[in-house]
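Both ligands and their constituent atoms are indexed starting at 1 by order of listing. The figures here come from the full heavy-atom set of this structure, side chains too, leaving out hydrogens, waters and symmetry mates.
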Amino acid sequence: MVPVPHKEFRPQAVLYPPAVIGVFGSGQLGRMLALAARAMGYRIHTFSPEANSPTGQVTDREVCAPYDDLDAVRDFVRQVDVVTFEFENVAAAVAEIAAQEGVPVRPGGHVLHTTQQRLREKTFLAGAGLPVTPFAAVRSEIDLATAVARIGTPAVLKTAAFGYDGKGQARIDDAAQAGATWANIGRQEAILEGFVDFEREVSVVAARGLDGSFAHWGVIENVHRDHILDLSTAPAAVDPRTAQEAVDLARTVLEQLDVVGVLCVEMFLDRGGRLLINELAPRPHNSGHLTIEAAATSQFEQQARAICGLPLGSTELLRPAAMVNLLGDLWEAGEPDWAAGLAVPGVKLHLYGKQTPRIGRKMGHLTAVAGTIEAARENALRARTALTARATGQK
Ligand code: AMP
């Protein structure tokens with residue numbers, strides 16, 4: 001079981017604005033955290049190897065250095081009041097250095113350690129009695145053959161470390177493919193999972209405060225395309241019992257991991273109505289972006305509140321909402337027609353300030369709020385289509 005370092009409420013740990021929040025990672029999650037935290041009067045520093053990053057464009061300070069430049073990490077940590085991350089593949093040494101310097105890391109290094117490696121994460125979940133897909137550790141071709149024999153096909157082989165958005169994943173439909181698939185993912189430590197013929201995918205984005213308080217935005221429904229999140233809607237069209245169960249699972253995860261901050265639990269709802277946890281993200285999550293417009297407190301403001309020791313804000317969902325991602329593919333036929341997209345009622349545009357639109361790269365998103373989930377979904381999709389309608393001649 002994961003160690004539980006700080007259960008009791010520590011009022012001295014509350015950080016009031018203009019305290020400095022230090023973020024490791026510099027993508028869109030850091031950017032939206034920075035925008036929310038700055039609205040509250042906090043100052044933000046970001047650390048990553050990238051210059052003019054999505055986060056760095058809106059922070060007080062942008063430090064560009066590799067994550068393993070431990071002198072640069074120490075120098076960075078000394079100038080902030082709390083450390084957080086928007087990207088879980090940051091070396092555990094970062095959390096150790098912060099601890100040496102007496103700077104709190106929220107969520108703690110133990111959360112990073114558990115969630116940055118799929119085998120550790122699944123082993124933690126199964127050990128906590130939480131429902132997960134059947135899985136096995138794979139460290140050799142023989143392990144893989146044994147795992148395929150036990151779990152059966154279809155199955156999914158995923159690299160244990162550094163996987164996201166379907167990267168480092170391959171499906172195995174037939175035991176005879178196993179050897180080739182092992183070679184395809186680079187013969188590195190991996191996890192084999194049973195393939196879930198799910199009815200739908202859902203997530204619960206939740207937060208835990210320094211005092212152990214818990215808040216969640218209910219169940220969000222997610223549709224992936226090519227392993228990348230495409231569409232999220234809230235509230236999810238699931239029955240109340242399933243919704244309660246999903247929230248209870250999330251609460252258990254945040255408590256068992258002793259999280260301070262926001263964490264997303266991604267789940268499959270299988271055809272038998274059973275929830276299975278697929279993945280944890282120990283930070284604000286793409287499926288929670290719609291909370292910016294749809295909820296009383298966004299996941300980003302909540303992250304700032306939680307890591308600074310303030311009370312969690314209300315997570316009341318004010319209106320049904322839908323979010324669609326804008327990938328680099330949209331730019332293939334030229335600059336999207338922003339005016340056409342924004343002409344759709346209730347639609348808001350978020351662009352992350354990335355310089356080069358590449359295929360599959362998350363460049364921004366649109367959120368639509370409306371009176372019903374269906375109207376929100378339709379408006380978000382219509383707005384995205386309108387962005388490229390002129391270039392492709394579509395109506
Ligand atoms: P992941 O990187 O593990 O979040 O996977 C990305 C997406 O791939 C998921 O959201 C699913 O759509 C799909 N996927 C991953 N693992 C499985 C599985 N065991 N069974 C079915 N689909 C999966």
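- Between Phe268 and ligand 1, not a single N/O pair is under 3.5 Å apart.
- Residue Phe198 places no N or O, backbone or side chain, under 3.5 Å from any N or O of ligand 1.
- Within the structure, the closest approach of Ala155 to ligand 1 does not fall below 4.0 Å when heavy atoms are considered.
- Residue contact check: Glu193 has heavy atoms under 4.0 Å from atoms 16 (N), 19 (N) of ligand 1.
- Between the Asn325 side chain and the Leu229 main chain, a donor and an acceptor come within less than 3.5 Å of each other.
- Residue-to-ligand polar distances keep Thr133 apart from ligand 1: every N/O pair is separated by 3.5 Å or more.
- Note on ring orientation: taking the six-membered ring where Trp is involved, the planes of Phe47 and Phe76 are perpendicular (angle over 60°, cut-offs 30° and 60°).
- Of the options Glu266, His227, Glu201, the smallest heavy-atom separation from atom 6 (C) of ligand 1 is shown by His227.
- Under 3.5 Å, the side chains of Gln57 and Glu62 contain no donor-acceptor pair of N or O atoms.
- Proximity of Leu229 to ligand 1, defined as any heavy-atom pair under 4.0 Å, is not found for any part of the residue.
- Remark: Tyr352 pairs with His365 by the ring-ring contact (aromatic ring centres under 6.0 Å, His included) rule, at least two apart or across chains.
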For residues 294-305, run the donor-acceptor check on the side chains, cut-off 3.5 Å, and write out each pair with its distance to 0.1 Å, sequence neighbours left out.
{"from": "Thr297", "atom 1": "OG1", "to": "Ser314", "atom 2": "N", "distance (Å)": "3.3"}
{"from": "Thr297", "atom 1": "OG1", "to": "Ser314", "atom 2": "O", "distance (Å)": "2.8"}
{"from": "Ser298", "atom 1": "OG", "to": "Phe300", "atom 2": "N", "distance (Å)": "3.2"}
{"from": "Ser298", "atom 1": "OG", "to": "Glu301", "atom 2": "N", "distance (Å)": "3.0"}
{"from": "Gln299", "atom 1": "OE1", "to": "His285", "atom 2": "N", "distance (Å)": "2.8"}
{"from": "Gln299", "atom 1": "NE2", "to": "His285", "atom 2": "O", "distance (Å)": "2.8"}
{"from": "Gln299", "atom 1": "NE2", "to": "Gly288", "atom 2": "O", "distance (Å)": "3.4"}
{"from": "Gln299", "atom 1": "NE2", "to": "His289", "atom 2": "ND1", "distance (Å)": "3.2"}
{"from": "Glu301", "atom 1": "OE2", "to": "Arg305", "atom 2": "NE", "distance (Å)": "2.8"}
{"from": "Glu301", "atom 1": "OE2", "to": "Arg305", "atom 2": "NH2", "distance (Å)": "3.0"}
{"from": "Gln302", "atom 1": "OE1", "to": "Gly313", "atom 2": "N", "distance (Å)": "2.7"}
{"from": "Gln302", "atom 1": "NE2", "to": "Gly313", "atom 2": "O", "distance (Å)": "3.1"}
{"from": "Gln303", "atom 1": "OE1", "to": "Val262", "atom 2": "N", "distance (Å)": "2.6"}
{"from": "Gln303", "atom 1": "NE2", "to": "Thr84", "atom 2": "OG1", "distance (Å)": "3.3"}
{"from": "Arg305", "atom 1": "NH1", "to": "Pro311", "atom 2": "O", "distance (Å)": "2.9"}

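- Close approach to Lys158 involves these atoms of ligand 1, each under 4.0 Å from a residue heavy atom: 3 (O), 15 (C), 16 (N).
- Close contacts of ligand 1 with His224, meaning ligand atoms under 4.0 Å from a residue heavy atom, involve 10 (O).
- Phe268 and Leu280 are members of different hydrophobic clusters when ILVMFWY side chains are connected at heavy-atom separations under 4.5 Å.
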